[in-house]
*Asks:* 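Here it is: the structure, laid out below.
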Amino acid sequence: MIKVIGNMMIDTGSPFAVVCPLSVIEDKGVFNKQEVIKSRGTFLKWPFTTADYNYISKAKTLRFGDLTVDNILVYFAELPAMFTSPLLGKEFLEHYITTIDFAENKVFLEQIDDEFKDNLYSVGLAVKKLENKTIVRGIWQNSPADQCGIQINDEIISINDQETQKLTLHQIDSLLEDPAVPEISLLLENEGGVRSVTLEKKYLIRRQNK
């Protein structure tokens, strides 16, 4: 069945399913009954925005015009001023055939499947490349990375015995996000020296009993 979505924006450059403004979670209390995780550093950020943290939560139900989606991960970030509505990204759009009617200013979605990600199986890290170094830029609170004391701006020298200088950012992100890789070994360096840690991925949002 084809659905018409409401007041949302499509951002094919975003890898996440749904990104909402920070004000949704901080000012309106929409998610006050849901588990909410805050980050140190950022997992998603745009130029000219200043917030150095994000949130993530699981929405029981989201409605976009005629479309209803249950149990889906929602990220929260400071959005650029030009973005006046929540964003639908790649992880959401890949479940639909999308048709844009520019004349009527409407977007139509035809569902392919409904297997949306409802949790994060992760060590809780986000990284960036800076002058050929791989630097920690985001950590979800109470994640394995947080619990073992990894800090923002720590340098990752190797991941699963592979030198990060020889890996692209996409390859590193793939290791961090691949559910078939349950364990991540890191060689880290900061002002305190070099140390190695091994992290086991876990589901970051508690699963509720049905």
*Asks:* Taking the side chain as everything from C-beta on, heavy atoms only, tell me whether Asp154 gets closer than 4.5 Å to Glu189.
*Replies:* no
*Asks:* Taking all non-hydrogen atoms of both residues, which atom of Ala17 and which atom of Phe92 are closest, and how far apart?
*Replies:* O-CB, 3.3 Å
*Asks:* Measure across Asp178 and Lys201 and return the closest heavy-atom pair with its distance rounded to 0.1 Å.
*Replies:* O-NZ, 2.7 Å
*Asks:* Go through the steps for Glu155 and Thr164 under the test side-chain contact (heavy atoms from CB on, under 4.5 Å), then give the verdict.
*Replies:* CA-CA 10 Å; Glu155 181 184 354; Thr164 54; 5.7 Å; no
*Asks:* Are Lys128 and Leu169 close enough, and set up right, to give a side-chain contact (heavy atoms from CB on, under 4.5 Å), and what steps lead you there?
*Replies:* CA-CA 7 Å; Lys128 63 183 178 182; Leu169 185 58; 5.5 Å; no
*Asks:* Give a yes or no on whether Phe76 and Leu62 share a hydrophobic cluster (residues Ile, Leu, Val, Met, Phe, Trp, Tyr; joining criterion: side-chain heavy atoms under 4.5 Å apart).
*Replies:*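 Yes; tracing contacts between hydrophobic side chains, which count when under 4.5 Å, links both residues.
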*Asks:* With distance as the sole test, does Arg63 use its side chain to make a donor-acceptor pair with the main-chain N or O of Thr68 at under 3.5 Å?
*Replies:* no
*Asks:* Measuring from Ile205:CD1 to Ile37:CD1, what's the distance to the nearest 0.5 Å?
*Replies:* 5.0 Å
*Asks:* To the nearest 0.5 Å, what is the distance between CG on Leu167 and CD on Gln165?
*Replies:*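 The CD atom of Gln165 is 10.0 Å from CG of Leu167, to the nearest 0.5 Å.
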*Asks:* Would Leu79 and Thr49 count as a side-chain contact (heavy atoms from CB on, under 4.5 Å) here? Give the steps.
*Replies:* CA-CA 7 Å; Leu79 301 181; Thr49 59; over 6 Å; no
*Asks:* Quick check against the 3.5 Å criterion: does Glu110 have a side-chain atom that pairs as donor or acceptor with the backbone of Phe108?
*Replies:* no
*Asks:* So do the side chains of Asn190 and Asn153 get within less than 4.5 Å of each other, counting heavy atoms only?
*Replies:* no
*Asks:* Give a yes or no on whether the backbone of Gly138 and the side-chain of Arg40 come within a donor-acceptor separation of less than 3.5 Å.
*Replies:* no
*Asks:* Less than 4.5 Å apart, any side-chain heavy atom of Ile159 and any of Thr134?
*Replies:* no
*Asks:* If hydrophobic clusters are built by linking Ile, Leu, Val, Met, Phe, Trp and Tyr wherever their side-chain heavy atoms come under 4.5 Å apart, do Val127 and Ile157 end up in the same one?
*Replies:* no
*Asks:* Any donor and acceptor pair, going by atom type alone, linking the side chain of Glu78 with main-chain N or O of Thr50 inside 3.5 Å?
*Replies:* yes
*Asks:* Of the non-hydrogen atoms in Asn54 and Ser39, which two are nearest, and what is the gap between them?
*Replies:*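 Closest approach of Asn54 to Ser39: N-OG, 2.8 Å.
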*Asks:* Can you say whether the rings of Phe16 and Tyr75 are parallel (under 30°), tilted (30 to 60°) or perpendicular (over 60°)?
*Replies:* tilted
*Asks:* What do you reckon, is CZ of Arg195 surrounded by more than 12 foreign heavy atoms closer than 6.0 Å?
*Replies:* yes
*Asks:* Provide the closest heavy-atom pair for Gly124 versus Ala145 in the form atom of the first, atom of the second, distance.
*Replies:*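 Shortest heavy-atom separation between Gly124 and Ala145 comes out as O-CB, 4.2 Å.
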*Asks:* With the side chain counted from C-beta on, respond yes when Ile150 and Leu186 share a heavy-atom pair under 4.5 Å apart, and no when they do not.
*Replies:*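 Yes, close enough: below the 4.5 Å cut-off.
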*Asks:* Answer yes or no: is there a side-chain heavy-atom contact under 4.5 Å between Gln151 and Leu188?
*Replies:*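 Gln151 vs Leu188: side chains apart.
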*Asks:* Would you say that Ile112 contacts Ile97 through its side chain, given a criterion of any heavy-atom pair below 4.5 Å between the two side chains?
*Replies:*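 Ile112 reaches Ile97 side chain to side chain.
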*Asks:* Roughly how far, to the nearest 0.5 Å, is CD of Gln171 from CD of Gln162?
*Replies:*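 Taking CD in Gln162 and CD in Gln171, the distance rounds to 7.5 Å.
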*Asks:* Can you check whether Ile72's main-chain N or O pairs, donor with acceptor, with Asp118's side chain at less than 3.5 Å?
*Replies:*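 Not at all, since once roles are kept as given, no pair shorter than 3.5 Å links the two residues.
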*Asks:* Aromatic rings Tyr53 and Tyr55: how do their planes relate, parallel, tilted or perpendicular, breaks at 30° and 60°?
*Replies:*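 It falls in the perpendicular class, over 60°.
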*Asks:* Please round to the nearest 0.5 Å and tell me the distance separating atom CD1 of Ile156 and atom NZ of Lys129.
*Replies:* 9.5 Å
*Asks:* Restricting to non-hydrogen atoms, name the atom on Asn142 and the atom on Asp146 that form the minimum distance, rounded to 0.1 Å.
*Replies:* N-OD2, 2.7 Å
*Asks:* Nearest 0.5 Å, please: how far is CZ in Phe43 from CZ in Arg137?
*Replies:*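 These two atoms lie 7.5 Å from each other.
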*Asks:* Take atom CG of Asp101 as the centre, draw a 6.0 Å sphere, and report whether it contains more than 12 heavy atoms from other residues, nucleotides or ligands.
*Replies:* yes
*Asks:* So Phe116 and His95, would you call those rings parallel, tilted or perpendicular, with 30° and 60° as cut-offs?
*Replies:*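 Correct class here is tilted.
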*Asks:* Can Ile135 be reached from Leu187 by stepping across I, L, V, M, F, W or Y side chains whose heavy atoms are under 4.5 Å apart?
*Replies:* no
*Asks:* Spell out, as yes or no, whether a donor-acceptor pair under 3.5 Å connects the side chain of Thr98 to the backbone of Leu109.
*Replies:* no
*Asks:* Please check if any side-chain donor atom of Ser14 sits under 3.5 Å from a side-chain acceptor atom of Lys90, or the reverse.
*Replies:* no
*Asks:* Does some side-chain heavy atom of Trp140 sit less than 4.5 Å from a side-chain heavy atom of Leu120?
*Replies:*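 When only atoms from C-beta onward are counted, Trp140 and Leu120 do touch, with a gap below 4.5 Å.
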*Asks:* Might you work through the side-chain contact (heavy atoms from CB on, under 4.5 Å) test for Ser185 and Thr198, ending with a clear yes or no?
*Replies:* CA-CA 4 Å; Ser185 296; Thr198 298; 3.3 Å; yes
*Asks:* Taking all non-hydrogen atoms of both residues, which atom of Cys148 and which atom of Leu199 are closest, and how far apart?
*Replies:* SG-CD2, 3.5 Å
*Asks:* Using side-chain heavy atoms (C-beta onward) and a distance below 4.5 Å, is Pro21 in contact with Phe83?
*Replies:*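 Heavy-atom side-chain distance check fails, nothing below 4.5 Å.
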*Asks:* Measuring from Trp46:CH2 to Asp11:CG, what's the distance to the nearest 0.5 Å?
*Replies:*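 So the CH2 of Trp46 and the CG of Asp11 are separated by 6.5 Å.
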*Asks:* Near Glu163 CD, under 6.0 Å, is it more than 12 heavy atoms from other residues, nucleotides or ligands?
*Replies:* no
